[in-house]
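All values reported here derive from a predicted model rather than from experimental measurement. The figures here come from the full heavy-atom set of this structure, side chains too, leaving out hydrogens, waters and symmetry mates.
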Amino acid sequence: RALAAYLAVHQHLPMDRMAQLFNDVLSAPVSVGALAQMVTEAADATEPFTDATRALLRNADVVHFDETGGRAAGRLHWVHSASTSLLTLIDCHPKRGRAAMDDLGVIGAMSGVAIHDGWKPYRHYDVDHALCNAHHLRELNAVGIGWDQGWANDLARLLVEAKHAVEDAQAAGADCLEVGVLHSIRVRYGRLVAKGFAANPAPEVGKRSGYEKKAFNLLVRLDGQRDDVLRFITDFNVPFDNNQAERDIRMVKLQQKISGSWRTLEGA
């Protein structure tokens, strides 16, 4: 029973192939239905663990959030995750927005910093936010290299420089950057954002696409949410990026590659 749960949930082995493995390797013929029941019983037994994980996440200093689509019961659902380096809580829900986040039960009751990719529904919650700078580096590279705008390349370099400054300070045993270093980063950041706006004025009303609009929208986020972009330089508990969440949700995508979908929401 433990092996069936492990192979199904962690190794993502489809039920029919698992039945073949039990028969061929262990000489233990087991039906697909029996294996599915074993996994269901294991899931039911983990409910106290799930509740404890949710409670620990609510009290964590920093929690990573992410979501991805997945088909269950014949239609699109959404898999939501909340995680730290030691804890991961994942749920599948018919909705993508606040209803799903409320049911996951973390961000609406937490006291720490929520780090995410800037998706707007996260902003409905009254917590401190931090934005994933890996996303910003990709977007800035698209503007700087793809559209030949120097300010974007310079801002990407500044973010990486700030990341290294934090790492060097931590290695030296410090818990914050020197005031002069902080001031320098903020001033240079503001000047580069201003250069970006000068090169990318607000697009014409009704213009829905094009690199000008994408660059302008990026600048609006970098300017209006600069405290969240730079939170990693003022709070060393906050990481530079949201890669933790992306790693935690990656196995869901692997499962989808193998099985394609879930037949029922309960199974998901």
Side-chain angles (χ1 to χ4, degrees), residues 46-70 72 76-140 159 162-163 166 176 186 189 193 214 216-253 265 268:
T46 63
E47 188 171 343
F49 175 83
T50 303
D51 292 339
T53 301
R54 181 178 289 108
L56 289 168
L57 286 169
R58 288 171 174 173
N59 292 314
D61 291 334
V62 178
V63 183
H64 298 256
F65 293 91
D66 201 4
E67 75 289 330
T68 187
L76 181 63
H77 284 67
W78 295 92
V79 177
H80 290 256
S81 71
S83 58
T84 66
S85 61
L86 297 177
L87 303 163
T88 304
L89 183 66
I90 297 177
D91 190 26
C92 186
H93 199 279
K95 302 291 185 180
R96 187 184 182 190
R98 291 187 66 183
M101 296 179 192
D102 290 343
D103 285 352
L104 191 62
V106 177
I107 192 170
M110 63 180 285
S111 55
V113 177
I115 180 167
H116 49 81
D117 57 10
W119 189 47
K120 190 173 293 186
Y122 290 119
R123 291 287 174 182
H124 290 291
Y125 296 94
D126 186 20
V127 297
D128 289 332
H129 297 267
L131 296 179
C132 175
N133 282 301
H135 281 75
H136 293 145
L137 290 181
R138 289 195 290 269
E139 292 178 88
L140 287 168
L159 289 175
K163 176 178 182 290
V166 170
C176 63
R186 287 175 172 147
Y189 182 98
V193 168
K214 291 180 180 179
F216 179 78
N217 288 343
L218 172 61
L219 284 161
V220 168
R221 187 193 325 137
L222 294 174
D223 184 36
Q225 301 174 15
R226 65 176 65 190
D227 287 344
D228 299 339
V229 176
L230 296 175
R231 194 172 298 279
F232 73 97
I233 69 173
T234 57
D235 183 351
F236 281 9
N237 289 319
V238 176
F240 178 78
D241 54 47
N242 195 32
N243 286 348
Q244 180 70 54
E246 296 189 2
R247 287 194 296 268
D248 290 331
I249 213 165
R250 178 173 175 267
M251 297 306 288
V252 173
K253 308 310 290 185
L265 184 57

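Remark: the backbone N or O of Gly105 is paired with a side-chain donor or acceptor of Arg58 at under 3.5 angstrom. The main-chain N or O of Leu131 is never found under 3.5 Å from a side-chain atom of Asp228 such that the two would form a donor-acceptor pair. No donor-acceptor pair under 3.5 Å is formed between the side chain of Thr46 and the backbone N or O of Phe49. Remark: the backbone N or O of Ser111 is not paired with any side-chain donor or acceptor of Asn59 at under 3.5 angstrom. At distances below 3.5 Å, at least one donor-acceptor pair connects side-chain atoms of Arg54 with backbone N or O atoms of Leu104.
A pairwise comparison of heavy atoms in Val127 and Gly112 identifies CB-O, 4.1 Å as the closest pair. The two residues Met101 and Tyr125 make their nearest non-hydrogen contact at CB-OH, 3.3 Å. Between Ala245 and Ser81, the closest heavy-atom pair is O-OG, 4.3 Å. In terms of heavy atoms, Pro239 sits closest to His64 at CG-CE1, 3.4 Å. What you find for His77 and Cys92 is that their closest heavy atoms are CB-SG, 3.8 Å. Nearest heavy-atom pair across Ile107 and Met110 is O-CG, 3.4 Å.
Between the OG1 atom in Thr84 and the CG atom in Leu89 there is a gap of 10.5 Å [rounded to 0.5 Å]. In this structure, CG on Leu76 lies 9.0 Å from CZ on Arg96, to the nearest 0.5 angstrom. For the atom pair OG (Ser85) and CZ (Arg247), the distance works out to 9.0 Å, reported to the nearest 0.5 Å. Going from atom CG of Leu56 over to atom CG of Leu86 covers 10.0 Å, rounded to the nearest 0.5 Å. Atom CG in Asp235 sits 11.0 Å away from atom SG in Cys176 (nearest 0.5 Å). How far CG of Asn243 is from CZ of Arg250: 12.0 Å, rounded to the nearest 0.5 Å.
Using a 4.5 Å heavy-atom threshold, the side chains of Arg231 and Val113 count as touching. At least one side-chain heavy atom of Leu159 sits less than 4.5 Å from a side-chain heavy atom of Val229. Here the side chains of Val166 and Lys163 are not in contact, with every heavy-atom distance at 4.5 Å or above.
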Tell me, with the steps shown, if Asn217 and Lys214 meet side chain to side chain contact (heavy atoms under 4.5 Å, CB included). CA-CA 5 Å; Asn217 288 343; Lys214 291 180 180 179; 5.9 Å; no

Show, in sequence, the C-alpha distance, side-chain angles and deciding distance for Arg186 and Thr234, and conclude whether the side chain to side chain contact (heavy atoms under 4.5 Å, CB included) test is met. CA-CA 11 Å; Arg186 287 175 172 147; Thr234 57; 3.1 Å; yes

List the steps, then state whether side chain to side chain contact (heavy atoms under 4.5 Å, CB included) holds for Ile115 with Val62. CA-CA 7 Å; Ile115 180 167; Val62 178; 4.0 Å; yes

Please assess Phe240 against Leu137 for the test side chain to side chain contact (heavy atoms under 4.5 Å, CB included), listing each intermediate value before the final yes or no. CA-CA 11 Å; Phe240 178 78; Leu137 290 181; 3.9 Å; yes

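Surrounding CZ of Arg138 are more than 12 heavy atoms belonging to other residues, nucleotides or ligands, all under 6.0 Å away. The neighbour count for Lys253 NZ, taken as heavy atoms of other residues, nucleotides or ligands under 6.0 Å away, is above 12.
Between Tyr122 and Phe65, the ring planes lie tilted relative to each other; the angle falls in the 30° to 60° range.
Of the options Arg123, Glu67, His135, His129, a side-chain hydrogen bond (donor to acceptor under 3.5 Å, both in side chains) to His116 is made by His129 and by none of the others.
For the residue pair Asp91 / His80, no side-chain donor-acceptor distance below 3.5 Å is found, with atom types taken as modelled.
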